[in-house]
Structures are given as structure tokens and as C-alpha cells.
Amino acid sequence: MTYAADRLYEEAAYIAYHFHWPREQILDLTHAERIRWVREIARINTRVNEG
């Protein structure tokens with residue numbers, strides 16, 4: 001099963017933008033790890049924006 005390239009780029013860009021991690025480090029994450037970080041960043045952003 002392959003993962004949609006567009007979705008992979010979206011996840012990588014989102015994590016890189018917020019955490020400034022290098023591309024290689026982000027792409028080494030499993031899909032589950034990337035999704036977990038995306039959700040955590042979204043949660044942080046929500047808290048900051050509500051605060």
C-alpha cells in the first residue's frame with residue numbers, strides 16, 4: 001500500500017514549519033508517528049489561539 005505523495009508533503013511541511021525539523025528526519029518517521037506529531041501540533045496551536 002502506498003501513501004499519497006500529496007498527503008506526505010502536507011504532513012512534512014506542517015511539521016517542518018512548526019518544529020523546524022529537517023526533511024530527512026520527518027520522512028524517517030512512520031506514518032503513525034507523523035500523524036501523531038501533526039495532531040500534537042494542531043492541539044498546541046488550538047491552545048495558543050484560545051489562550
Trp37, CH2: over 12 other non-hydrogen atoms inside 6.0 angstrom: no

Trp21: which of Ile15, Leu27, Asp28 passes side-chain contact (heavy atoms from CB on, under 4.5 Å): Ile15

Spacing of [atom1] belonging to [X] relative to [atom2] belonging to [Y], to within rounding of 0.5 Å:
| X | Y | atom1 | atom2 | answer |
| --- | --- | --- | --- | --- |
| Ile26 | Phe19 | CD1 | CZ | 10.0 Å |
| Ile41 | Glu11 | CD1 | CD | 10.5 Å |
| Asn45 | His18 | CG | NE2 | 4.5 Å |

For Thr30, side-chain hydrogen bond (donor to acceptor under 3.5 Å, both in side chains) partners two or more places apart: Glu33

Summary of salt bridge (Lys or Arg N to Asp or Glu O under 4.0 Å) pairs that have at least one residue in residues 41-51, sequence neighbours excluded: Glu40-Arg43

Residue pair Leu29, Arg36: steps toward the side-chain contact (heavy atoms from CB on, under 4.5 Å) verdict: CA-CA 10 Å; Leu29 298 171; Arg36 175 122 190 224; over 6 Å; no

